[in-house]
Amino acid sequence: MTDPTLRDRAVRLYDAFTHEHRDRRTLLREMTALAGSAVVAEALIAAIGASPAAASITKADDARLLTRTVRSTVAGKPSIVYLARPRAGGRKLGTVMVIHENRGLNDHIRDVARRVALAGFRVVAPDFLAPWGGTPADEDKAREMIAKADYDVIVAQGLAILAAARKGPETSGKGGVVGFCWGGALVDRLAVAGGDAIDAAVAYYGPAPAPELAAKVQAPMMLHYAGKDTRVAQTGEPWVAALKAAGKTVEAFTYPGVDHAFNNDTSAERYDKAAADLAWGRTIAFLHKYLDG
């Protein structure tokens, strides 16, 4: 897309669709008015949205990893968790929970989980839609389900899954969380609710809680924000200020000129490799600092 003004307006329309629970017909109508034709509008939507056909950075059967999906009951509700860890042993590893976007636990998040595992962690990636049947193939349906989900159940499951995963002779006994978009917001919620049950928390462009809740946070936090993401900045900036005022350990970074979801490499228009690589390097170093044995 060569017109930056058109691109930015299109991204804002798509962001409103995905986060304000608008229907796809409204998105197409508004995007068509912007682009001038339905054909161009569909192309814009495809380029901005996440593509399930996009190549993964890791392979699902990467020989360096052990992966599996576990179905059980957690906090009294059905649970689905994707697990990944390095095949090679020799040292105790920190545990990281990877939390999905509002599309649910999909191939992209499983790929991200494997990336974290390859960086030297035991990884749990829950499907937080499991209590309501699990992540559907239709991402619009997944967003509808997320909007109606019971956060008390989600927080209870998240803390219980992390508590169980950080136990055992192969672990350092420490557990952290990293989440993206909706998952970034859940990272903040878990940090508020979890107290010292979380040893490190990393949120990517997640809408933040009320600033007065900052006093409850005990985990060191790293927060990544997109410079063009004014929607999240409205909550993120007061949240960072409140954490600092409360004397919490927090590192916050804003990446100029990039969009919400800049880390998602399945979105051709929003992915920014330079910002994503910088944020990823900071994230992995932060997690090793607080989770290694």
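Along the sequence shown, residues are numbered consecutively beginning with 1.
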Identify, with sequence neighbours excluded, every residue that meets side-chain contact (heavy atoms from CB on, under 4.5 Å) alongside A75.
A156, Q157
Donor-acceptor under 3.5 Å (D111 side chain, I57 main chain)
yes
Is the NZ atom of K92 crowded by more than 12 outside heavy atoms at less than 6.0 Å?
no
Partner of F262 under ring pair (Phe, Tyr, Trp, His ring centres under 6.0 Å), chosen from Y255, F180, F253:
Y255
Pairing residues for R87 by the salt bridge (Lys or Arg N to Asp or Glu O under 4.0 Å) criterion, not counting sequence neighbours:
none
Decide, yes or no, whether a salt bridge links K148 with E144 under the criterion of side-chain N to carboxylate O below 4.0 Å.
no
Looking at residues at least two apart in the chain, or sitting in another chain, which of them share a side-chain contact (heavy atoms from CB on, under 4.5 Å) with R85?
L66, R122, E170
Checking P136 now: which residues fulfil side-chain contact (heavy atoms from CB on, under 4.5 Å) with it, not counting sequence neighbours?
L129, K141, A142, M145
When you check the gap from the basic side-chain N to the acidic O, do D62 and R64 get nearer than 4.0 Å?
yes
Taking only residues two or more places apart in sequence or in another chain, which ones pass side-chain contact (heavy atoms from CB on, under 4.5 Å) with P207?
A185, R231, V232, T235
Only counting residues at least two apart or in another chain, list the ones meeting salt bridge (Lys or Arg N to Asp or Glu O under 4.0 Å) with D127.
none
Under the criterion salt bridge (charged side-chain N to carboxylate O under 4.0 Å, His left out), I'd like the reasoning laid out for D292 against K174: C-alpha separation, chi angles, the key distance, then a yes or no.
CA-CA 7 Å; D292 284 356; K174 298 176 181 178; over 6 Å; no
Within 45 degrees of the ring normal and closer than 6.0 Å to the centroid, is that where the cationic atom of R189 sits relative to Y151?
yes
Would you mind checking if K77 and D150 are paired as a salt bridge, meaning a charged N to carboxylate O distance below 4.0 Å?
no
